[in-house]
Every structure is written in structure tokens, then in C-alpha cells.
Amino acid sequence: MASRPIVGASRLYLPRFEGPLDLSMKAVQLRSLLGRQQFNQVQLQRVQAAQQAEQEEAALDRRVDALIANAGGDIRATLPKIRALSPEHWKQWKDWFADYDRQEAE
């Protein structure tokens, strides 16, 4: 009598046990994912800081423009107020007036 094959034997799956190599691969993958997440958080913080700096710079520009407008457009008269508000803007205007006065003198 010929032996009959077991029905469904081709579908029989043996349990797979994880070895040390499998566990170490999972650990490396997890570290990689955590590293990417931290990297993405750092990038997000940098973008947010850059946006905040741009907004602060725009607000400062508007305040300087308002000082100039309140003085009737006389920038030289507002230079001390601009200096108190923003030394960077004051230096730009001071240098611009120095160049302008030098060109006028020539």
C-alpha cells in the first residue's frame, strides 16, 4: 500500500524563532528610526527659529518705518531713535548718509 501524502503538508509552517542576529537587526532599525525622528525634530526647530527671526526682523523694519513716517520722512532727525531701537538699522542709515554726503561733496 502506497503511503498517501498528508493533506495540506505544503502549507505547514514551522514557527520561526528569532536568533541573536534577528534581535540585533531589529535594534539597529529601531535606533535608525529614532535617529531620524530626532533629526527631523532638530530640522523643525531650526525652521521655526528661522521663521521667528524673519518675523521679528519684519516687525523691527515696520517700527523703524513708523519712526521715519512719524518724523515726516526726516530720517536724519530720527537717527537717535533708530539707534535706540535697532543698532543694525542705525548703522545702515548712518553709512548710507555718509556715502550720500561724500558723493554730494564731490
key: Flag side-chain contact, heavy atom, 4.5 Å: Ile68 against Ile82   = yes
query = Among pairs that include at least one residue of residues 26-37, which meet side-chain hydrogen bond (donor to acceptor under 3.5 Å, both in side chains), considering only residues two or more places apart or in two chains?
reply = Glu18-Lys26, Ser32-Arg36
ask   = What pairs with Ser86 under side chain to side chain contact (heavy atoms under 4.5 Å, CB included), at least two apart in sequence or on another chain?
value = Leu60, Glu88, His89
note = Residues at least two apart in sequence or cross-chain that pass side chain to side chain donor-acceptor pair (under 3.5 Å) with Asp22, listed by chain then number, are Arg16
key: Pairs flagged by side-chain hydrogen bond (donor to acceptor under 3.5 Å, both in side chains) wherever residues 93-102 is involved - sequence neighbours left out   = Arg76-Asp101, Lys91-Asp95, Asp99-Arg102
message = Please enumerate all residues that pass side chain to side chain contact (heavy atoms under 4.5 Å, CB included) together with Gln103, with sequence neighbours excluded.
response = none
key: Asp65: partners by salt bridge (Lys or Arg N to Asp or Glu O under 4.0 Å), with sequence neighbours left out   = none
inquiry  = Checking Leu21 now: which residues fulfil side chain to side chain contact (heavy atoms under 4.5 Å, CB included) with it, not counting sequence neighbours?
reply    = Ser24, Met25
remark   = Quick note, salt bridge (Lys or Arg N to Asp or Glu O under 4.0 Å) partners involving residues 48-60, not counting sequence neighbours, are none
